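This report concerns only the one structure given below.
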Amino acid sequence: MVAASQHPNITLMTYSEVEEVKGYVGNFNVKIRQKAKSVDHELCTGCGVCWEKCPNMVINEYDQGLSARKSIYIRFPQAVPSKPVIDRQHCRWFNRDGRCGVCSEVCQAKAIDYLQQDQVVDEEFGAIIVATGFDLFGNENSFAEYGYGTLPDVISGLHFERLSSASGPTGGKIIRPSDGKEPKSVVFIQCAGSRDDAKGKSYCSRVCCMYTAKHAHQVLEKIDDAQAYVFYMDIRTPGKAYEEFYRRSVNDGAVYLRGRVSRIFSKNNSMIVRGEDTLISKQVEIEADLVVLATAMVPGFDANIVAGLVGIGSDKDGFFEEAHPKLRPVETHTAGVYLAGTCQGPRDIPDSVAQAGSAAVKVCGLFSADERELDPITALVDEAICSGCGICLSLCPYKAIDFISVSASMAGVSFQREVAAVNEALCQGCGTCVAACRSGSINLKGFTNEQLLAEVEAVCQ
Amino acid sequence: MSVEMNAVRAAESWEPKIIAFCCNWCAYAGADLAGLNRIQYAPSVRIIRVPCSGRVNPQFILKAFQKGADAVMVAG
Amino acid sequence: MSVKGKSARLLDPLVPQKGKIIKIVDETPDIKTFYITTDEGKPFSPAPGQLAMLSLFNVGEAMFSVTSQGEEHLEFSIKKTGVLTDALHEVDEGQVIGIRGPYGNGFPLEMLKGKDILFIAGGIGLAPVRSLINFCVHSRQDYGDLQLVYGSRTPEDLCFKEDLFSRWPQGGINVDVTVDRGDEGWKGHVGFVPAYLEELSPVPVGKIVVVCGPPIMIKLVMQSLDKMQYDHEQIITTLEKRMKCGIGKCGRCNMGSVYICLDGPVFTMSQLDCMPAEL
Amino acid sequence: MKTISSMLMTQFIEALAKEMPVIAPVKNEETVSFQPWSAGMEIEWQKNSLIPPKNLFLPQVEVLYKYQVSGVNGEIEEIDADDSPRVLLGIRNCDLHSILLLDKIFLTDDYIDSAYQSRRKNTVIIVLQCSQPLSTCFCTSLGVDPRGGEGADLVLIELDQGVRGSDKMMYDPGRDFGIEARTPKGEEILKKHEDFLSDLQKKPAPLENCNLHLDERGVKEKLPKMFDHSIWADLSMRCLGCGVCTYLCPTCYCFDLQGKNVGEEGFKYRCWDSCMFSDYTMMAGGHNPRPTKRERFRNRFLHKLSYYRERYGELLCTGCGRCLAKCPVHLDITYVAEKIKEAKADVREG
Amino acid sequence: MKISEQIRDYAKKMLEEGEVKQFIGFEKGRLPFHSTPVFITEPGQVERLIWDDYCITNLSKYLVNFSHEDGKTALVVKGCDSRGIVRLIQDHQLQREKLVLIGIPCQGMKDSLRFFSKGDDSLLSPGGKCQSCTHPNPVLYDILIGEEVKSVNMDRFKKTEEIENLNIDERYLYWSREFARCIRCYACRNVCPACSCLSCYLDQHRVDWHGKDPAENASYLLTRAIHVAGRCIECGECARVCPTGVSVMELNKKLIKDINELFGEQDAGVDFSQTHPLCQYHTDDPDDFQ
Amino acid sequence: MLIKRLLEFAGIEPQRFLVKWVSSSEGQKFADTISELAAAIKALGPNRKYRDAL
């Protein structure tokens with residue numbers, strides 16, 4: 001990220017949102033809202049005095065609520081740029097009519113700007129790579145049987161990740177949320193949501209087997225006499241050295257139980273995890289101090305908005321759809337729009353990086369030529385026949401049709417009239433306009449009305 | 001049901017003529033997959049590939065019936 | 001419905017004979033000449049300027065003037081303009097084709113006999129005139145001075161280059177060629193036909209003018225000829241319109257009560273002056 | 001005069017139908033057209049058919065030949081018209097006159113349409129006399145005698161029923177007809193079916209006059225100079241450009257030749273066409289010598305009132321009144337003729 | 001003052017002052033029950049204008065002929081004419097600013113085309129198209145003459161339902177008889193304010209396209225019905241002008257009824273804000289064809 | 001769907017016109033759909049409505 005931010009050809013627009021995407025491959029026009037940071041990043045040196053002095057404490061979302069942050073803050077230590085923003089919702093200056101201003105006072109660089117406004121910028125782009133990431137599945141109600149949300153010591157994998165992180169709120173010490181004690185018995189439940197039609201997620205989230213193996217290993221490594229139990233359905237380790245890593249966890253003492261957990265309930269100050277070990281076909285109950293759910297990966301909460309903005313299709317689970325699952329895995333159906341990472345489907349970091357590289361190279365390939373070859377199957381308007389009713393404009397899913405003015409003459413009188421014109425760069429050749437055109441003035445190259453009628457005739461023989 | 005029709009049906013040889021307009025990306029690929037997986041389906045279907053089921057013009061459907069199709073399917 | 005025997009075939013003028021394209025010659029990028037014959041030899045022997053209806057059965061039917069004829073075949077030079085002609089340009093030699101005709105009256109050969117003739121043609125307009133020029137070349141002694149002024153958009157678009165540059169000049173015709181736009185290889189005249197005509201300024205006395213080309217060219221040529229004091233009785237042109245039947249029945253090609261397919265397509269300008277202007 | 005009683009009429013028709021098809025005016029909903037009669041069908045005696053009988057000689061669609069093409073090869077098969085003998089019953093004199101006008105087109109010296117000719121030759125025509133014209137009728141202006149029978153083999157004569165006025169509007173099933181032969185063919189039929197005839201003494205119904213007239217005095221002289229007259233733009237403005245008038249007109253004969261492919265085979269057919277349609281004279285490449293309604297409208301009425309006369313000496317109209325009754329905007333030939341008469345000479349398009 | 005006179009006054013004033021180039025209204029035709037469209041350009045001609053019980057024609061389609069010309073056109077509009085105009089404006093065929101509309105609430109007009117016998121108009125009641133009129137008052141006008149009238153609450157889908165209630169083979173029989181009568185004169189198309197194509201698909205000469213063969217009547221009529229689906233303003237002109245009385249309108253009615261059932265009640269050509277019901281997509285659109 | 005209803009209105013059996021979503025991954029569904037349709041049409045018999053005479 002740091003490297004990216006320092007690259008001369010990369011402009012990083014943080015704290016920004018895309019509001020509108022117009023245009024087409026090579027000529028995208030994107031409206032971007034740069035949200036008011038309340039800190040002038042040109043002036044800010046990132047010295048950190050402001051957030052040290054800020055009197056207001058807010059729950060730290062990044063640490064899954066395990067710690068607190070200030071109203072002026074950097075979201076996470078590695079964030080780029082390493083410069084703070086003011087969380088206006090929680091800032092005293094904003095909530096108490098300017099009665100605070102501590103950060104402004106302490107800032108040597110005079111970078112605090114409470115009056116900063118959102119900036120909306122229009123930028124031209126040649127291609128778009130969508131990498132909007134994922135969210136984790138589940139809220140308090142999603143795993144009632146596991147007590148998630150009611151039992152404080154049932155946590156998600158991400159939560160555990162913060163606990164075990166050396167730069168995390170506990171400095172890497174694994175403690176359980178309820179009492180801060182070190183858990184001695186930790187149960188991991190894989191496929192929490194994933195591969196579970198009952199939860200509406202039929203797919204495999206792909207990363208859980210590996211991070212659970214890592215977490216289990218960390219438990220064994222960091223806590224003396226600790227026991228790690230893993231309930232799993234199948235272990236999937238398709239990656240270089242993945243299987244070996246999983247083996248290591250097992251060899252180092254992680255107990256893998258093949259089966260599903262049916263219930264978790266508290267009993268005498270600890271939790272009982274009841275499940276089935278299908279290998280021995282017996283019900284098992286494990287007393288656990290901490291339970292970690294490997295919850296399913298789901299598309300970002302605003303993925304559908306992004307899809308609508310950019311014009312990408314989504315699959316039944318809400319992940320963005322690629323142009324072809326095998327042959328065009330990083331392209332979308334919209335020319336010039338590419339996908340990278342988990343917005344397309346669950347994947348781990350190496351795969352995401354690989355895909356991002358692939359998308360970047362696709363863009364380089366796109367940009368390497370001055371002219372672009374398009375699929376020849378596009379719609380074409382016969383201007384002489386088009387009556388300009390505009391029905392095709394309202395129907396085109398790619399907004400590839402517009403009115404143009406052409407000169408015409410009737411009974412010797414010349415005048416201008418509006419007819420439809422297809423932007424071949426945008427047209428994806430679906431032919432919806434052709435079917436809707438009453439006068440038959442639009443035809444689809446390669447699938448003309450005549451050709452299809454002839455085909456109908458031929459197959460009816 | 002007319003006598004004639006019964007006669008036609010009695011003749012085992014009659015197979016319905018089904019014209020299927022298949023979306024290139026969906027049903028056509030589905031049909032392709034069915035073929036790939038060696039899934040058997042009725043031989044009476046005649047597939048016309050269209051770039052999208054939106055391409056299917058009502059005129060095509062009428063024409064198909066006119067030209068002797070026994071059923072028309074649009075699959076997207 | 002019954003099927004008629006072969007002998008009855010020619011009874012109905014709307015039913016074509018089965019012909020065959022035996023040879024296709026590329027004239028220009030959008031003009032080809034088709035040689036057509038039937039199993040029994042030449043379909044019919046049209047007089048210069050007469051028309052024939054050609055049909056590609058599964059495409060359509062349209063009227064064309066016969067460009068030339070040989071002992072065993074008819075020639076049609078056809079420019080790509082619409083559905084049928086586009087399809088014609090796609091076919092291979094050997095293609096079956098429907099042909100019926102001849103239609104119309106052709107050029108008034110009696111009137112032309114012994115006269116000087118000035119042919120003026122533009123683009124594909126040379127096609128109908130070609131049959132007459134060939135006829136005149138064939139019986140050269142029957143005519144006085146023969147002159148052709150021909151123009152096309154570019155040198156590439158000139159039809160019948162062999163005729164223009166060798167056969168007809170050798171056959172005793174003065175050929176003057178002009179193009180609207182030259183190219184690096186073009187050493188001839190550049191300019192529009194009417195202007196070139198005025199430059200050449202042929203004298204009207206004893207002359208018959210045969211003019212054929214796109215409507216705008218005819219219009220401007222007429223202005224030039226008027227300027228040069230030509231009488232409209234002296235000027236002959238051949239018309240084109242949508243025709244379906246070829247026998248003056250279907251009701252399309254009439255100008256007033258005159259049917260082009262039946263009474264035309266060749267008219268003198270003075271005849272046309274009397275007809276409603278509906279072209 | 002022989003008469004045929006209402007009771008025996010159906011039997012007479014049945015007897016005829018046993019020998020050859022009888023084509024008679026029958027109803028489909030409100031639309032009367034000439035259809036092959038079969039037992040049980042009710043013949044519409046009261047109203048003239050809406051669909052003119054021209055389709056019996058010049059069918060709306062007539063297949064000329066079949067073809068078959070595969071690659072460069074192909075075959076043609078000419079198809080004979082159905083020319084088996086038949087009886088055309090209940091045609092009116094105006095429509096009969098239209099057939100005579102069509103004869104001039106299709107049975108001229110230079111061109112004889114064989115299909116048309118054989119259908120004409122093999123059709124026995126039994127004309128039904130009119131005595132009470134409709135308010136849209138003006139046949140007498142065109143020299144048609146509603147009581148005539150020129151060109152018919154047999155004439156059915158309406159007899160005086162002693163009732164007048166609006167009562168006659170009602171369909172009267174108990175009507176008797178007089179019947180007369182006009183040709184040897186007609187004689188023969190009468191003789192053969194003598195049994196159905198009687199010598200009932202009744203007078204023919206009195207003939208009422210047409211209220212409407214096509215007054216074309218002076219039109220003939222004026223028209224040739226009116227090609228560029230502004231009247232065409234004025235008149236055609238109201239026209240919808242549909243084909244009602246041409247398709248219902250018993251004398252409009254313009255046709256189109258079209259083909260239809262059925263896989264590698266196909267057939268070419270001749271079908272009615274209307275000079276009012278925009279595609280009628282459209283040429284390959286998009287040029288249209290009659291680009292707007294004005295030119296098309298002008299051509300139609302000049303054809304009716306002038307061009308046909310120049311070639312064949314008559315107007316191409318029979319006064320049947322169908323265009324008056326059915327033109328959606330009441331733009332009929334009598335109106336046009338009147339406006340032409342009223343028009344000042346030499347008002348040219350600006 | 002009689003409506004005719006008011007129309008004449010307005011026409012005279014507008015033409016004299018040069019506000020409009022022409023005035024479209026009705027004049028008396030050849031027969032007493034013929035009222036026919038008239039195009040007045042001279043103030044001296046306004047006496048030709050009339051308004052009576054036979055002014056049934058929908059005038060809106062005529063405007064397309066003048067849409068490219070300079071100057072304004074005035075015309076008298078009934079409910080159906082005004083809906084036709086709204087439709088044509090929505091289809092980009094007319095410009096509102098070039099029109100001056102004189103609205104006349106309509107009680108229902110008598111249909112002279114159904115009249116094929118001697119001139120007794122006692123047989124004539126308001127024409128078939130007016131009997132199921134839902135908008136007798138103009139929905140768009142500049143000047144209104146006369147009092148607004150109440151819509152007769154008729155069941156406009158009565159006949160549609162009758163046909164729906166037939167069994168499938170009866171329905172086929174019904175429609176074969178209807179389609180068989182079509183003579184392909186295209187009057188229904190030419191009068192229709194929703195058929196605004198510059199060049200109808202039927203007029204195009206393409207290989208394997210659509211022939212003039214009456215065997216293709218069904219295809220023609222069904223295709224046309226689909227072409228105007230969602231845009232048909234229910235003026236009923238198509239059925240009225242049909243010389244052979246094919247119940248063309250029933251196909252349109254069926255589509256209107258279905259659209260209303262599937263996508264919610266809507267009347268084409270009433271409201272500019274209403275978009276084409278078949279050109280939008282809602283995630284809650286019914287898809288029970290699955 | 002309007003077309004389906006219109007065809008029904010015009011007297012074509014509703015079974016004869018089918019619109020179905022089949023995605024590229026649903027080979028089995030495609031095959032099943034076709035087979036079901038074929039069976040239904042076989043039971044219904046050949047279509048004679050609105051067919052060209054020739």
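All figures in this text were calculated on a predicted structure; none of them were measured in a lab. By convention in this document, chain letters (A, B, ...) are assigned in the order of the sequence lines, proteins followed by strands, and residues within each chain are numbered from 1.
Inter-residue side-chain proximity for C:F160 and C:T67 is flagged as met; some heavy-atom pair is nearer than 4.5 Å. Counting heavy atoms from C-beta on, the side chains of C:C212 and C:L126 never come closer than 4.5 Å.
Within residues 100-107 of chain C, the residues approaching chain D closer than 4.5 Å by heavy atoms are, in numerical order, C:R100. Scanning residues 77-85 of chain C against chain D with a 4.5 Å non-hydrogen threshold yields C:T81, C:G82, sorted by number.
Contact count against chain D (heavy-atom pairs under 4.5 Å) is highest for C:G256 among C:G248, C:S55, C:G256. Contact count versus chain C (heavy atoms, under 4.5 Å) is highest, among D:K268, D:H303, D:R290, for D:R290. In terms of heavy-atom pairs under 4.5 Å with chain D, the best-connected choice from C:G94, C:A62, C:C253, C:G60 is C:G94.
Neither the backbone nor the side chain of D:Y116 comes within less than 4.5 Å of any heavy atom in chain C. Contact annotation for D:Y280: both backbone and side-chain heavy atoms come within less than 4.5 Å of a heavy atom of chain C. Heavy-atom distances place the side chain of D:F227, and not its backbone, under 4.5 Å from chain C. Residue D:D256 touches chain C through both its backbone and its side chain, counting heavy-atom pairs closer than 4.5 Å. For C:I247, the part lying under 4.5 angstrom from a heavy atom of chain D is the side chain only. Interface remark: D:L302 contributes no atoms to any contact with chain C (heavy atom separation under 4.5 Å).
C:K244 has no carboxylate O lying under 4.0 Å from a charged side-chain N of D:D273, or vice versa, which leaves the two without a salt bridge. The existence of a salt bridge linking D:R270 and D:E62 is confirmed by a sub-4.0 Å separation between a basic side-chain nitrogen and an acidic carboxylate oxygen. Ion pairing between D:E75 and C:K18 holds under the 4.0 Å rule for side-chain N and carboxylate O. A salt bridge between C:E93 and C:K20 is absent, with no side-chain N of the basic residue lying under 4.0 Å from a carboxylate O of the acidic one. Salt-bridge formation is detected for the pair D:D95/D:R322: a Lys NZ or Arg NE/NH1/NH2 atom is positioned less than 4.0 Å from an Asp or Glu carboxylate oxygen.
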Kindly determine whether D:H97 and D:T251 satisfy side chain to side chain contact (heavy atoms under 4.5 Å, CB included), including the steps that lead there. CA-CA 9 Å; D:H97 184 65; D:T251 64; over 6 Å; no
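Of the inter-residue distances, the one linking D:Y269 atom OH with D:I79 atom CD1 reads 13.5 Å to the nearest 0.5 angstrom. Rounded to the nearest 0.5 angstrom, C:I120 CD1 and C:M217 CE are separated by 7.0 Å.
A cation-pi arrangement, defined by a distance under 6.0 Å to the six-membered ring centre and an angle within 45 degrees of its axis, is absent between D:R119 and D:F57.
Within the structure, every pair that satisfies the salt bridge (Lys or Arg N to Asp or Glu O under 4.0 Å) test and touches residues 302-318 of chain D, not counting sequence neighbours, is listed here: C:D263-D:R311, D:K104-D:E314, D:E216-D:R309.
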Cut-off 3.5 Å, no hydrogens considered: what does the side-chain donor-acceptor table look like for residues 239-248 of chain D, sequence neighbours left out?
| unit_1 | atom_1 | unit_2 | atom_2 | d |
| --- | --- | --- | --- | --- |
| D:T246 | OG1 | D:G243 | O | 3.0 |
| D:T246 | OG1 | D:S274 | OG | 2.7 |
| D:Y247 | OH | D:W272 | O | 3.4 |

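Side-chain contact of D:T123 with D:R86: a donor-acceptor pair under 3.5 Å is present, judged by distance alone.
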